[in-house]
**Q** 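Below you will find the structure I want to go over with you.
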Amino acid sequence: MGKLLRSLHLFALLLFLGLASCVESVENQVQIYNNNFSKLDLANFENGRLFIWRNDTIAGWYNNEEVAVTLYDLPAHNYLKVSAEILIHDSWDGNWDDGISGPDYWFMGIDSVDVVRTTFSNSPCESLYCLYQSFPNDFFRQNYPKAGAIETNMPGLCQFGGFQNYTSRYRVEKLIEHTNVDSMRFHMRDALKQTNSPWPKCDESWSIAKISILAIQTNS
Ligand SMILES: [Ca+2]
Ligand SMILES: [Ca+2]
């Protein structure tokens, strides 16, 4: 083997070892909150209202509101992994910005900082008419209505209660750097716009089916 080739091999090996040692691995992972509302548990929950929809107990329905979970005395961690399953009901208009119907924003975050800022749309989508949404990206991106949904074949809740495909279910997940063990406050909220509706909440709203929060400690 030539001298140059040998040193190139050595260089590649060192580079590999250097990169490998930079990879974080999970040392400890604790589920600090898990709620699908089946036990009617609203401890630590702000603005919790439960109702039964399609044989499932869920929290909602919300329009221009914030909900939050606050937990104290957390295990040592450097990340939180938050995961929520939400239901987007009725005629959300996504990115549509006409000063009347939208945009229809939805936010999620920790300790008053939003880590998700997006829009959803339940609009029909045809060649001449389609109201795009930002999810699964943050605002502003032009994705198709219901992009990233895990279930769409459900009726609306209020205005479109008699029509299929007017509720969409999404799982929204984020890994967030966080180290404070004293407390954390996880929030979700919306800024829905529908100025031409006598009952905006019936026109568009959202609910929560499930929330899970993990405290993760890595070796970094
Ligand atoms: Ca609407
Ligand atoms: Ca709207």
Side-chain angles (χ1 to χ4, degrees), residues 37 46-54 56-68 82-109 112-174 186-211:
F37 307 107
E46 284 168 60
N47 199 19
R49 299 191 304 264
L50 299 179
F51 71 109
I52 295 173
W53 188 66
R54 302 180 84 233
D56 193 15
T57 302
I58 58 179
W61 31 317
Y62 299 109
N63 178 298
N64 279 284
E65 288 179 81
E66 174 166 311
V67 303
V82 295
S83 172
E85 285 190 18
I86 59 167
L87 297 158
I88 296 295
H89 304 297
D90 300 294
S91 72
W92 285 58
D93 304 281
N95 297 330
W96 186 240
D97 191 355
D98 61 351
I100 296 168
S101 295
D104 286 332
Y105 294 108
W106 189 86
F107 308 88
M108 178 168 112
S112 303
V113 178
D114 293 324
V115 295
V116 172
R117 177 176 184 263
T118 194
T119 62
F120 293 105
S121 171
N122 274 338
S123 155
C125 189
E126 288 143 21
S127 57
L128 295 178
Y129 181 86
C130 187
L131 307 182
Y132 295 93
Q133 70 177 32
S134 293
F135 192 84
N137 300 100
D138 267 1
F139 186 79
F140 172 87
R141 280 284 287 277
Q142 291 278 64
N143 291 313
Y144 286 111
K146 305 172 190 173
I150 55 176
E151 191 180 355
T152 57
N153 188 25
M154 293 179 282
L157 175 69
C158 190
Q159 183 166 305
F160 289 87
F163 296 85
Q164 277 306 107
N165 301 310
Y166 270 97
T167 291
S168 313
R169 185 184 188 105
Y170 294 87
R171 184 176 300 119
V172 188
E173 279 186 330
K174 276 284 172 185
F186 168 65
H187 69 267
M188 292 183 277
R189 67 189 167 86
D190 71 276
L192 287 166
K193 183 183 248 184
Q194 199 64 52
T195 60
N196 61 354
S197 169
W199 190 13
K201 185 175 166 176
C202 189
D203 188 282
E204 50 203 19
S205 66
W206 58 287
S207 300
I208 309 163
K210 202 182 277 187
I211 300 173

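Fair warning: this is a prediction, and the values are worked out from it, not measured in the lab. Order of appearance sets the numbers: ligands from 1, and atoms from 1 within every ligand.
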**Q** Which atom, among the N/O/S set of Glu204, is closest to the Ca ion (ligand 1)?
**A**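 Output for this pair reads OE1.
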**Q** Do NZ/NE/NH1/NH2 and the carboxylate oxygens of Arg189 and Asp114 come within less than 4.0 Å?
**A**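 Result for this pair is yes, salt bridge flagged.
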**Q** For the atoms OD1 of Asp203 and O of Ser91, give the angle they form at the Ca ion (ligand 1), rounded to 10 degrees.
**A**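 Nearest ten degrees: 120°.
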**Q** Less than 4.5 Å apart, any side-chain heavy atom of Pro155 and any of Arg54?
**A**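 Sidechains of Arg54 and Pro155: in contact.
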**Q** Just one of Trp206, Trp96, Tyr170 clears the ring-ring contact (aromatic ring centres under 6.0 Å, His included) bar with Phe120, so which one?
**A**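 Option passing the ring-ring contact (aromatic ring centres under 6.0 Å, His included) with Phe120: Tyr170.
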**Q** Keeping Ser207 on the side-chain end and Gly60 on the backbone end, is there a donor-acceptor pair under 3.5 Å?
**A**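 No; zero donor-acceptor contacts below 3.5 Å.
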**Q** Any N/O/S atom from Ser101 (main chain or side chain) under 3.0 Å of the Ca ion (ligand 1)?
**A**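 Not a single backbone or side-chain N, O or S atom of Ser101 is under 3.0 Å from the Ca ion (ligand 1).
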**Q** Could you pull out the atom name of the N/O/S atom in Asp93 that is nearest the Ca ion (ligand 1)?
**A**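 Distance check against the Ca ion (ligand 1) picks out OD2 in Asp93.
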**Q** Test of geometry: compute the angle OD1(Asp104)-the Ca ion (ligand 2)-O(Lys193) and round it to 10°.
**A**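 Between OD1 of Asp104 and O of Lys193, at the Ca ion (ligand 2), the angle is about 80°.
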**Q** Classify the ring geometry of Phe139 against Tyr105: parallel below 30°, tilted from 30° to 60°, perpendicular beyond 60°.
**A**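 It falls in the perpendicular class, over 60°.
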